Amino acid sequence: MGNSEKQRIGIVGAGAAGLAAAWSLGRSGRFDVSVYEAAAHVGGVATTRGVSLPGRDAVRVNDQVLLGTPSYRNTARFFEEFGFSLSPTRLRVAMGTGEARWSTARATPFIARMRPEIRRFRRTLELVRRAPMPLFLAIPIDAVLRAGRFSADFRHRVLYPLMSLFFASGVDSARVPAAVVAGLFLDEDSRLFDLDAETFLAPSTPITFFPDLAEVYARVAAALNARVHTDAEVLSVVRSAQGVRIERRGGAPEELDAILIACSAERALPLLADASPLERLALRGVTYQDVTLVTHTDADYIRHHYGDDPGNGTQYYVRNAPHDMTRLEISINLGSCQPWLPEGAELSVFQTFDPLDTIRADKVLFTRRTRHNRATPGYFLRVLPLLRRIQGRRRTSFAGAYLMFNNHENAIVSGLAAADHLGAPYPFSEEPAARLQFERYRRAVYG
Ligand SMILES: Cc1cc2nc3c(=O)[nH]c(=O)nc-3n(C[C@H](O)[C@H](O)[C@H](O)COP(=O)(O)OP(=O)(O)OC[C@H]3O[C@@H](n4cnc5c(N)ncnc54)[C@H](O)[C@@H]3O)c2cc1C
C-alpha cells in the first residue's frame with residue numbers, strides 16, 4: 001500500500017497508551033502514523049531517573065511506574081516484542097505504626113486482632129461478586145463495610161492503606177466501588193492482592209517490577225513504523241467532514257484522517273476547539289486529584305515515622321496521620337523496587353507521597369507534582385458510559401490509563417483497543433489470558 005492510500009492517524013501523547021497504539025497501527029501497514037508528544041521524552045509517566053548519591057556511583061531508578069502484577073499480560077507481551085521482560089518478585093509492605101502496625105514480614109498482635117474481620121471481609125467480597133454487577137458498582141466499599149459493622153481500624157488501618165498502593169490515597173480508597181474492590185482481591189485473572197486469613201495480605205503475593213522504563217520506551221519509539229515528534233505539544237484539534245487539522249508546537253499544522261487522543265481527559269478536552277456537548281460532559285466527568293511525590297534520601301524519616309529499617313527489603317510503607325486516620329501517607333523504598341539492584345541493596349532512596357511531616361531539605365533529590373484520576377462509583381456508572389458514546393465518533397478516539405483503572409496494563413490495552421477499533425487487529429490473540437484482559441476492556445469502553 002502506498003503512503004498516499006494509507007489512512008493518516010495522529011496520536012496525541014507518547015505514554016504507554018499512545019505508543020502501544022502507534023506500534024499496533026504501524027505494524028499493520030495500513031496507516032500512516034504520527035505521534036506528537038508534549039514532553040522532550042517519550043514514555044509519559046513511565047520515567048527512569050539517574051540519581052547521584054554521596055560516595056557512590058549514580059544509579060538509575062524507575063521513579064513513578066514501579067509495580068505490576070502477573071496479570072499484566074499485555075504489558076509483558078508488548079515488552080517482549082522489544083526484548084524486555086517484567087521481573088517477578090513478592091509484595092512487601094509495612095503498614096501503620098506503634099500498636100497498629102502490620103506487615104508482610106510477620107503477623108503482628110494488631111493483625112491477629114483483626115482476624116475475625118479479615119474472614120468476614122472475604123465473605124463480604126464473595127457476596128459482592130455474586131450480586132449483579134451494577135449494584136455494587138454504585139456503592140462505595142466504605143458504605144458496604146460500615147453497613148457490615150466493620151471497625152474503623154479494619155477500614156482505615158488495614159484495608160485502605162493497602163488499597164492506597166493502587167489508588168494513591170486513603171480517602172479515595174474508601175470511595176472505590178465495592179465491586180471493583182472485590183475484583184482487586186478475588187478476581188482469578190487480574191487480582192492485585194492475595195487475601196490471607198492470618199496476615200490479611202499473603203506474604204507470597206506476587207508482583208512484578210518494570211525494567212528501565214526510559215530505555216524500554218526509547219527503544220519502542222525508535223522501532224515504530226511511525227513518526228514520533230517530541231517537544232511537539234498539540235495545541236488544537238479541529239474536526240470536519242473532510243478530516244482533522246491539528247496545530248502543534250515546533251511544526252506546521254497538519255491534516256489527518258483521524259486522531260487518537262492518548263493523554264489525560266483533562267488535557268484532552270481543551271484541545272478540542274469544537275468539542276460537542278457530549279464530549280465535554282464525558283471528559284469533564286473524569287476527575288483528578290493532585291499528588292506530590294518527594295524523592296529523597298532521608299532514611300531517618302522512614303525509621304522515625306514507620307519504625308522500619310530501610311535495609312530490610314520492604315517496598316511500601318503506609319501510615320495514618322496521627323490525628324486523622326482517614327489521611328494516609330505512602331512512602332516507597334525505591335531501592336527495593338528496581339530489578340537491576342541486588343535484593344536488599346541499601347540504596348536509601350525513598351519516595352514519599354504528600355508528606356505529613358518535614359523531610360530534611362538537604363535530603364530531597366527532586367519533587368514531582370502528578371495527577372491521579374479517581375475511581376469512584378460515579379465514574380463507572382455515569383462517566384464511562386458517556387466516554388463509550390464518544391469513542392470513535394467524529395474521527396476521534398481516546399486511549400489512556402484513565403479509561404478504566406489507572407495502571408500500566410490498562411494503558412497498554414487501551415492503546416491496542418483503540419488501534420483495533422481503527423482497523424489494526426489486536427496483536428496478542430494467541431494468548432488467551434492477554435486476550436481476556438483486552439476483551440474485558442473492550443466491552444467496558446467500547447460497549
Ligand atoms: C506517580 C505515578 C505512579 C504510578 N505507578 C504505577 C505503578 O507502579 N504501576 C502501574 O501499573 N501504574 C502506575 N501508574 C499509572 C500510570 O498512569 C500508568 O501506568 C501508565 O503508564 C499511564 O500511561 P498513559 O499513556 O495512559 O498516560 P501518560 O503516561 O500520562 O501519557 C500521556 C502523555 O501525553 C502527553 N501529552 C499530554 N498532553 C499533550 C498534548 N497536548 N500534546 C502532546 N502530548 C501530550 C504527556 O506529556 C504524556 O507523555 C502510576 C501513575 C503515576 C502518575
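Values below: every heavy atom of this structure, side chains too, minus hydrogens, waters and symmetry copies. For ligands, and for the atoms within them, numbers begin at 1 and follow the listed sequence. Here, residue 1 is the first one in the sequence, and each next residue gets the next number. Note that the structure is predicted; figures quoted are calculated from it, not measured.
- Counting heavy atoms closer than 4.0 Å to ligand 1, residue A17 contributes atoms from both its backbone and its side chain.
- Between A14 and ligand 1, no N or O atom pair is found at a separation short of 3.5 Å.
- Ligand 1 has A262 within reach: a non-hydrogen atom of the residue lies less than 4.0 Å from it.
- Here the heavy atom of the protein found nearest to atom 6 (C) of ligand 1 is V65 CA, 3.7 Å.
- In this pair, Y217 and F78 present their aromatic rings tilted. The plane angle is within the 30 to 60° band.
- The atoms of ligand 1 that sit less than 4.0 Å from any heavy atom of N406 are 15 (C), 16 (C), 17 (O).
- With a heavy-atom cut-off of 4.0 Å, R267 touches ligand 1 through its side chain alone.
- N320 places a side-chain N or O within 3.5 Å of a backbone atom of H156 that can act as its donor or acceptor partner.
- The closest approach between a heavy atom of Y72 and any atom of ligand 1 is below 4.0 Å.
- Selection from I207, V45, T370 by nearest heavy atom to atom 21 (O) of ligand 1 gives V45.
- Residues R440 and D187 are in side-chain contact: their nearest non-hydrogen atoms beyond the backbone lie under 4.5 Å apart.
- Ranked by closest heavy atom to atom 7 (C) of ligand 1, the top entry among L66, V42, N62 is L66.
- Distances from atom 52 (C) of ligand 1 to the heavy atoms of E233, R249, R368, H372 put H372 nearest.
- Close contacts of ligand 1 with L293, meaning ligand atoms under 4.0 Å from a residue heavy atom, involve 1 (C).
- Using a 4.0 Å cut-off between charged side-chain N and carboxylate O, D274 and R245 make no salt bridge.
- Side chain of R8 to main chain of E255: a donor-acceptor pair is present (N/O by atom type, distance under 3.5 Å, no hydrogens or angles).
- In this structure, H229 and Y36 have parallel ring planes: the angle between them is below the 30° cut-off, well short of the 60° mark.
- Looking at D300 and R360, no side-chain N of the basic residue comes within less than 4.0 Å of a carboxylate O on the acidic one, giving no salt bridge.
- Taking every heavy atom of G15 and a limit of under 4.0 angstrom, the matching atoms of ligand 1 come to 25 (O), 29 (O), 31 (O), 33 (C).
- Evaluated by nearest non-hydrogen atom to atom 45 (C) of ligand 1, the leading choice among A38, A268, A401 is A38.
- Of the protein's non-hydrogen atoms, the one nearest atom 9 (N) of ligand 1 is L67 O, 2.8 Å.
- In this structure, the side chains of I11 and L25 come closer than 4.5 Å at one or more pairs of heavy atoms.
- Within a 4.0 Å radius of atom 30 (O) of ligand 1, the protein has at least one heavy atom.
- Note that the CD1 atom of I259 and the CD atom of E254 stand 9.5 Å from one another [nearest 0.5 Å].
- Under a 4.0 Å criterion applied to the non-hydrogen atoms of E37, ligand 1 contributes the atoms 33 (C), 34 (O), 35 (C), 43 (C), 44 (N), 46 (C), 47 (O), 48 (C), 49 (O).
- When side chains are defined from C-beta on, F209 does not count as touching N62, because their heavy atoms never get closer than 4.5 Å.
- Close approach of ligand 1 to G44 is summarised as follows: ligand atoms under 4.0 Å from at least one heavy atom of the residue are 29 (O), 31 (O), 48 (C), 49 (O).
- Protein heavy atom in closest approach to atom 23 (O) of ligand 1: A411 CB, 3.6 Å.
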Item to check | Residue pair Y316, Y306: steps toward the ring-ring contact (aromatic ring centres under 6.0 Å, His included) verdict | outcome: CA-CA 10 Å; Y316 288 87; Y306 298 97; over 10 Å; no
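- With values rounded to the nearest 0.5 angstrom, I141 atom CD1 is found 9.5 Å from L184 atom CG.
- For V234, a nitrogen or oxygen atom sits less than 3.5 Å from a nitrogen or oxygen atom of ligand 1, counting backbone and side chain alike.
- The nearest protein atom to atom 36 (N) of ligand 1, hydrogens excluded, is given as C263 CB, 3.7 Å; this is a heavy-atom distance.
- Among all protein heavy atoms, the one lying closest to atom 34 (O) of ligand 1 is G13 CA, 3.3 Å.
- Of all heavy-atom pairs spanning M163 and F185, the tightest one is CG-CE1, 4.5 Å.
- Ring orientation note: the planes of H408 and F79 are nearly perpendicular, at an angle over 60° on the 30°/60° scale.
- Residue contact check: G400 has heavy atoms under 4.0 Å from atoms 26 (O) of ligand 1.
- Within the 4.0 Å heavy-atom criterion, neither part of N410 lies near ligand 1.
- Using a 4.0 Å heavy-atom cutoff, A16 is listed among the residues neighbouring ligand 1.
- With a 4.0 Å cut-off on non-hydrogen atoms, L271 touches ligand 1 through its side chain and not its backbone.
- Looking at R73 and E431, no side-chain N of the basic residue comes within less than 4.0 Å of a carboxylate O on the acidic one, giving no salt bridge.
- With respect to R374 and D172, a salt bridge is recorded, a charged nitrogen being found less than 4.0 Å from a carboxylate O.
- An N or O contact shorter than 3.5 Å links H408 to ligand 1 by distance.
- Counting protein heavy atoms only, atom 4 (C) of ligand 1 is closest to Q64 O, 3.5 Å.
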